[in-house]
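First up is the structure itself, then whatever we jot down about it.
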Amino acid sequence: THFGDSFLRQRFSLERNSPALTSLVTVNWNEKYRVFKLSFPTVLREGILTSSIPYGAIEREMNGEEEPGRDWIDLSGGDGGGGFGVALFTEGKCGYSAKDGDLRVTVLHSTAWSHHNPAVVTEADGYRFMEQGIHEFSYRVLPHQGDWREAGIPRRSREFAAAPMSLVTNMHDGPLPRSRSLASSGMENVDISVLKLSEDGSGWVLRCVETMGRAAAGNLEVGLLGRTIEIVMRPWEISTFYLPENRSKGVVKVNLLELE
C-alpha cells in the first residue's frame with residue numbers, strides 16, 4: 001500500500017488451532033506533519049472498551065479520543081447468540097482510540113522534533129521530523145468468546161510479546177531435560193513479571209501481579225531454585241517475594257524496595 005512518499009507492507013500469518021491473525025508490518029514512512037494509524041472496524045458499535053495499563057487494565061469510553069495504553073486493547077459485547085469480543089495486541093505501540101466499534105492504534109507521528117505549541121518552527125531552525133524511514137513491528141488480532149477476562153487476554157498478550165525464540169546449534173548431549181520452566185504460575189490471572197537477583201546479592205526476588213481484578217490463591221513454582229511459593233492475592237495486587245539463597249530459610253514477602 002502506498003501513501004504519498006511512503007509505503008506499507010503487511011505479511012499475515014495464521015496458526016493451527018488458533019483464531020488469531022498476526023501481521024508483520026514494514027513501513028517506510030516519509031511524511032511530514034501527519035499521523036499514521038491502523039484501523040480495525042468491528043460490529044461491536046456499543047461494546048465495552050478495555051485497555052491495558054502498567055500492572056492492570058481500565059475501562060474507557062469509546063469516544064474516538066486517543067488514550068495511552070500498554071500491550072493490548074479489547075472490545076467486548078454480544079448479541080442474541082451470546083457474548084464475544086476482539087482483542088488487539090501490539091508490539092511497542094502505546095496510543096489507542098476507538099469509536100463506533102472501530103479500534104485504532106497509533107503507529108507513527110511525524111511532527112517536527114521538539115515542536116511545542118504555540119511555538120512556531122521554521123526550516124532555518126534546522127529541525128528534524130520524527131519517526132522517518134523504515135520501521136518494523138507486529139500486531140495480532142484475536143477474536144474470542146465472552147469478555148476479556150474469560151478469554152484470558154492478559155496472558156495471551158504476554159505470550160505474544162514474549163514469543164519463544166529458536167536457536168540453531170550442533171547436536172550434543174547436555175545436562176538439561178527436554179523441557180524445563182524457569183518459573184511458572186498455576187493461576188490464569190497471576191503473572192510473574194520479575195525474577196532477579198536481590199539487591200544485596202543474598203538471594204532472589206520474584207514479583208507477580210494479579211491481572212484480571214479478581215482474588216487469587218495458588219502456587220508459584222520457581223523451577224530454577226526448586227522453590228514453591230504459596231500465595232493469596234487481592235484484585236490487582238502486586239506482590240514481591242524474597243527467596244534466600246540458603247534454602248533452609250523461608251520465603252519472605254517484601255515491598256518494592258525489597259524490605260520487610
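In what follows, residues are counted from 1 in the order of the sequence shown. Computed from a predicted model, the values in this text were never measured in an experiment.
S97 is listed as a side-chain neighbour of K37, based on a closest heavy-atom distance under 4.5 Å. Residues T106 and K93 fail the side-chain proximity criterion, which asks for heavy atoms closer than 4.5 Å. Counting heavy atoms from C-beta outward, F84 and P143 have side chains that stay 4.5 Å or more apart. By the 4.5 Å heavy-atom criterion applied to side chains, R234 and E210 are not counted as neighbours.
The OG atom of S76 lies 9.5 Å from the CH2 atom of W148; values are rounded to the nearest 0.5 Å. To the nearest 0.5 angstrom, K253 atom NZ is 11.5 Å from I229 atom CD1. For the atom pair CZ (F36) and CD (E131), the distance works out to 11.5 Å, reported to the nearest 0.5 Å. Taking CG of L257 as the start and CD of E199 as the end, the distance is 9.5 Å to the nearest 0.5 Å. Between the OG1 atom in T211 and the CD atom in E188 there is a gap of 7.5 Å [rounded to 0.5 Å]. Rounding to the nearest 0.5 Å places SG of C208 at 9.5 Å from CD1 of I238.
Counting non-hydrogen atoms of neighbouring residues, nucleotides and ligands closer than 6.0 angstrom, the CD1 atom of I48 reaches no more than 12 such neighbours. More than 12 heavy-atom neighbours from other residues, nucleotides or ligands sit within 6.0 angstrom of CG on N170.
For the residue pair E31 and S110, no side-chain donor N or O sits within less than 3.5 Å of a side-chain acceptor on the partner.
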### Task
Please report the C-alpha distance between S181 and E221 in whole Å, then the side-chain angles of each, then the deciding distance to 0.1 Å, and finally whether the side chain to side chain donor-acceptor pair (under 3.5 Å) criterion is met.
CA-CA 9 Å; S181 175; E221 301 290 342; over 6 Å; no
### Working for side-chain contact (heavy atoms from CB on, under 4.5 Å), residues Y96 and E66
CA-CA 5 Å; Y96 302 92; E66 180 164 321; over 6 Å; no
### Query
Hey, mind stepping through K196 and E258 against salt bridge (Lys or Arg N to Asp or Glu O under 4.0 Å) and telling me if it holds?
CA-CA 12 Å; K196 69 180 189 71; E258 303 178 15; 2.6 Å; yes
### Query
Given S193 and D191, is the side chain to side chain donor-acceptor pair (under 3.5 Å) satisfied, shown in steps?
CA-CA 6 Å; S193 61; D191 278 355; over 6 Å; no
### Query
Can you check side-chain contact (heavy atoms from CB on, under 4.5 Å) on L259 and V254, steps first, answer last?
CA-CA 5 Å; L259 302 174; V254 296; 5.8 Å; no
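Using a cutoff of 4.0 Å between basic side-chain nitrogens and carboxylate oxygens, R140 and E159 are not scored as salt-bridged.
Counting all heavy atoms, side chain and backbone alike, M187 lies closest to A216 at SD-CB, 4.2 Å. Heavy-atom minimum distance, R227 versus P244: NH2-O, 2.8 Å.
Ring centroid separation for the pair Y139 and F160 does not come in under the 6.0 Å cut-off.
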